[in-house]
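Notes for the one structure printed next.
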Amino acid sequence: MKIMKKILSILLVVMMVVGLAACGQEAQPAATGGNGPNPAAPSEPAQKGNDRLVVGFAQIGQESGWRDAETWSILNAAEEMGVDLKFSDGQQKQENQIKAIRSFIQQGVDVIGVAPVVETGWETVFKEAKDAGIPIVLVDRMAAVSDDLYACFIGSDFILEGQNACKEMARLLNNKGNIVELQGTVGASAATDRMKGFAEELKNYPDMKIIASQTGDFTRAKGKEVMEAFLKAHPGEINGVYAHNDDMALGAIEAIKDAGLKPGVDIKIVSIDGVKAIFEAMVAGEANVTVECNPLLGPQFFQVCKDLKEGKQVPKWVKSEEGIYRQETAAEDIKTRKY
Ligand code: GYE
């Protein structure tokens, strides 16, 4: 996994360099998956006629282990399924994702996939894609646009994830205690709905309350920083951490240890995603529960793209099936984790 991460980082740096060049010059191709075929490379054979599926994917960035796993899944599936993939890393900026989409439109790809960093602000560029006859597939996060502006959303039920996280927290705290919440990126559907789901479920537990809630931007570093501030502002008062993703929980665990407390024991930790690192933390007794969110969406994504190209009907929502994993079984579960 460590080696894979290294290769991925190198790959993404190369892609970003190509991508930045593309952003400056609209007519050039956007960044291309280093694993996949590269249309800019002269040594590559030309596209195999019109039959080959050409897909542009505007990724968010590299904020979490979850997102690295998703990028891997997309690059690998493109390779395996013989898709001509144009991959762009938005480096957490919506404007970069919009530029990438415009570049994909100009190149006349068959389908555009995008993981919208935030929910709003997509109408104009999605309309441009629609006018060019290119369907948009939303991958892993939703966009707040009318139904006719996207073909399909592939991803999780974030409200349900939030509800499940709250039920697990209630079990760990015997229905009573103070919780701090580490939110994902402000304005991202994954953050908004995970917050909503948890808050809704929390109404069933009158003795449990959220005493502080702030964004940690889905990153480990920010999660740690915000948790440090929470611990200072509420000494001895925090019973549980609800983190919208595992990376922020891992940052919070570091902050709790630095404060001389035992994460997983003194302060219970519930997060979302199910990445390997949180299973390791559970095995070490430092985290309690992860609510799974599946990042391995590559094969489903390209299947939907293929169907769209062939003019087939696709479902409006391809929902991921996900489990809940607890500390008690983590040592066994970790053996079969794929990301
Ligand atoms: O949970 C988080 C990531 O959009 C579902 O984004 C995704 C979220 C995921 O960075 O770790």
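Along the sequence shown, residues are numbered consecutively beginning with 1. As the structure lists them, so they are numbered: ligands from 1, and atoms in each ligand from 1.
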Using heavy atoms and a cut-off under 4.0 Å, could you grab the residues that are in contact with ligand 1, chain by chain, numbers ascending? E63, S64, W66, R67, D140, R141, F158, A190, R194, F218, N245, D273, C293
Between E128 and T124, a side-chain donor and acceptor under 3.5 Å: no
V318: partners by side-chain contact (heavy atoms from CB on, under 4.5 Å), with sequence neighbours left out: C152, I154, Q300, V304, P315
With sequence neighbours left out, the residues meeting side-chain contact (heavy atoms from CB on, under 4.5 Å) with A143 are P116, W122, F126, L138, V145
Are the side chain of S156 and the backbone N or O of F158 linked by a donor-acceptor pair below 3.5 Å? no
Sequence neighbours excluded, the answer for ring-ring contact (aromatic ring centres under 6.0 Å, His included) partners of Y325 is F279
Is there side-chain contact between D140 and R67, with heavy atoms separated by less than 4.5 Å? yes
